[in-house]
Amino acid sequence: MKVLITGISSVPGRILTDLLRRDGHEIQGIDRRPWTSAPEGVQVYRSDIRKRAAEDVFRTFTPDAVVHMATVTHLERSTQDRYRINLGGTKKVFEHCHAYGVRKAIFVGRHTVYGAAADAPLYHKEDSTPMGGTTFPELADLVAADLYAGQALWRFPKLETSVLRFVYELGPSRHATLASFLKGPRVPMILGFDPLFQFMHEYDMARAIAAALAAELRGVFNVAGPPPVPLSLVIRETGRAAAPIPEPVFRLLLGRFGFPYLPSGAVDHVKYPVVVDDRAFREATGFAPLHDEDEAMTGYRLGA
């Protein structure tokens, strides 16, 4: 199968490339970031997914399947950039899939689109309404991209579309949202709160995408790894020290004194859990994680 990966230079993109090549797939990728050590035979095009050069890759490569991973979080880009990349880029990807006869498209999303709130269900199922953008404006672009990808199920009925809502990833690369939150020697917690955090090893994340690619999969699916654990345990097992802070002071300290920067809307995500039910994905694909929570946390602590 010919597979095009957008965001191929990311850590999960590189792992996924290796997995798919082992299975005999032909891989090409699009990313604004370079991958100078890409494996032989893997062509990586440096381009913004919204530009004509990216469309030319669809036209000349004519992929059978597309894995769209080229989205960014609130920690990586300004609001304007995020909307252009996340929503604008997602629209272009699905338009190109439709125009150039792609048979299968996988959108790699995030479980945080459900939002964190005191009255939210403990386990979100796929039919839960994505409420992340209502209390966390910096998530609005990811919620919009997720919903647009879901619309492709009826907008482009000939395209086998899967929207995968992944939990946080964690591993030796120390990459992505949760890893950024944990990067300092002291990790802030809100005094009186110790929410459950759900994450999976970065290698298992790539394996799950490969499993989705191999399966006859259509629809929206939550994807998770081992059971969730309290934030305090994550902090301790990754070699950090917890710093419980009263909520009125918490916002003032973010981005200062060695604490990570978080937008004000992210505070609820440090108070309340966002946990998903992933049974539908496991049943549809047979996926099971190879790494438990201890291996993910130890991998992060020790690094690459």
Side-chain angles (χ1 to χ4, degrees), residues 3-8 10 12-13 29-32 47-52 54-55 57-59 63-115 124-167 176-177 205 208-209 212-213 217-223 265 274 276 280-281:
V3 183
L4 178 63
I5 303 173
T6 69
I8 193 171
S10 64
I30 301 173
D31 204 308
R32 298 202 299 182
S47 174
D48 187 315
I49 193 64
R50 299 163 298 151
K51 302 300 184 182
R52 179 59 181 271
E55 182 178 359
V57 179
F58 280 81
R59 179 178 56 80
D64 301 301
V66 171
V67 178
H68 180 40
M69 307 176 68
T71 56
V72 295
T73 70
H74 64 277
L75 296 177
E76 297 171 317
R77 290 287 192 279
S78 67
T79 300
Q80 190 175 25
D81 278 347
R82 289 196 314 270
Y83 265 97
R84 286 200 300 262
I85 295 169
N86 293 340
L87 182 54
T90 298
K91 285 182 176 180
K92 286 294 185 183
V93 166
F94 279 95
E95 288 171 1
H96 296 337
C97 286
H98 174 65
Y100 295 102
V102 176
R103 293 189 291 107
K104 183 190 292 276
I106 296 175
F107 174 83
V108 178
R110 294 167 174 80
H111 77 314
T112 48
V113 298
Y114 291 117
H124 292 276
K125 294 187 177 181
E126 287 83 356
D127 59 359
S128 296
T129 303
M131 298 293 290
T134 59
T135 58
F136 190 174
E138 291 82 1
L139 277 180
D141 52 288
L142 283 175
V143 173
D146 180 286
L147 294 176
Y148 184 88
Q151 290 176 7
L153 288 162
W154 57 264
R155 189 188 296 270
F156 307 124
K158 294 183 179 180
L159 178 64
E160 185 180 292
T161 299
S162 304
V163 177
L164 307 183
R165 293 171 177 166
F166 278 91
V167 299
T177 302
M205 179 181 181
I209 298 171
L213 194 63
L217 204 61
R218 181 188 295 269
V220 178
F221 296 89
N222 296 326
V223 187
V274 184
V276 299
F281 181 77

Indicate the atoms forming the closest heavy-atom contact of [X] with [Y], along with that distance.
X: F281; Y: A212; value: CE1-CB, 4.0 Å
X: A65; Y: L213; value: CB-CD1, 3.6 Å
X: S47; Y: K51; value: OG-CB, 4.0 Å
X: P12; Y: M69; value: CB-CE, 3.5 Å
X: F107; Y: A149; value: CG-CB, 3.6 Å

Next item on the list: Run the salt-bridge test on D127 and K125 with the 4.0 Å N-O cut-off and return the result as yes or no.
Entry: no
Report yes if some heavy atom in the side chain of [X] is under 4.5 Å from a heavy atom in the side chain of [Y]; otherwise report no.
X: F58; Y: L4; result: yes
X: F166; Y: N222; result: no
X: L159; Y: R103; result: no
X: T71; Y: V108; result: no
X: V223; Y: H111; result: no

Next item on the list: Name all residues meeting the salt bridge (Lys or Arg N to Asp or Glu O under 4.0 Å) criterion together with R59; count only those two or more places apart in sequence or in a different chain, and write none if there are none.
Entry: D56
Check: Does anything in residues 92-101 pair up under side chain to side chain donor-acceptor pair (under 3.5 Å), and if so which pairs, sequence neighbours excluded?
Finding: E55-Y100
When you measure from the side chain of [X] to the backbone of [Y], do you find a donor-acceptor pair of N or O atoms at a distance under 3.5 Å?
X: D31; Y: I8; answer: yes
X: T90; Y: N86; answer: yes
X: S10; Y: G7; answer: yes
X: T161; Y: L153; answer: no

What residues form a side chain to side chain contact (heavy atoms under 4.5 Å, CB included) with [X], not counting sequence neighbours?
X: L147; value: P130, V143
X: T112; value: R110, L139, Y168, H269
X: A280; value: E126, F221

Item checked: side-chain hydrogen bond (donor to acceptor under 3.5 Å, both in side chains) partners for R218, two or more places apart -> none
Item checked: Residues forming a side-chain hydrogen bond (donor to acceptor under 3.5 Å, both in side chains) with T6, sequence neighbours excluded -> H68
Next item on the list: With rounding to the nearest 0.5 Å, note down the distance linking CG in D141 to CG in L87.
Entry: 8.0 Å
Margin query: Using the ring-ring contact (aromatic ring centres under 6.0 Å, His included) criterion, which residues pair with F94? Sequence neighbours excluded.
Written below: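 With neighbours one apart ignored, the set is empty.
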Check: Does anything in residues 143-167 pair up under salt bridge (charged side-chain N to carboxylate O under 4.0 Å, His left out), and if so which pairs, sequence neighbours excluded?
Finding: K104-E160, D146-R165
Next item on the list: Go through the steps to decide whether I49 and V93 satisfy the test side-chain contact (heavy atoms from CB on, under 4.5 Å), and finish with yes or no.
Entry: CA-CA 7 Å; I49 193 64; V93 166; 3.5 Å; yes
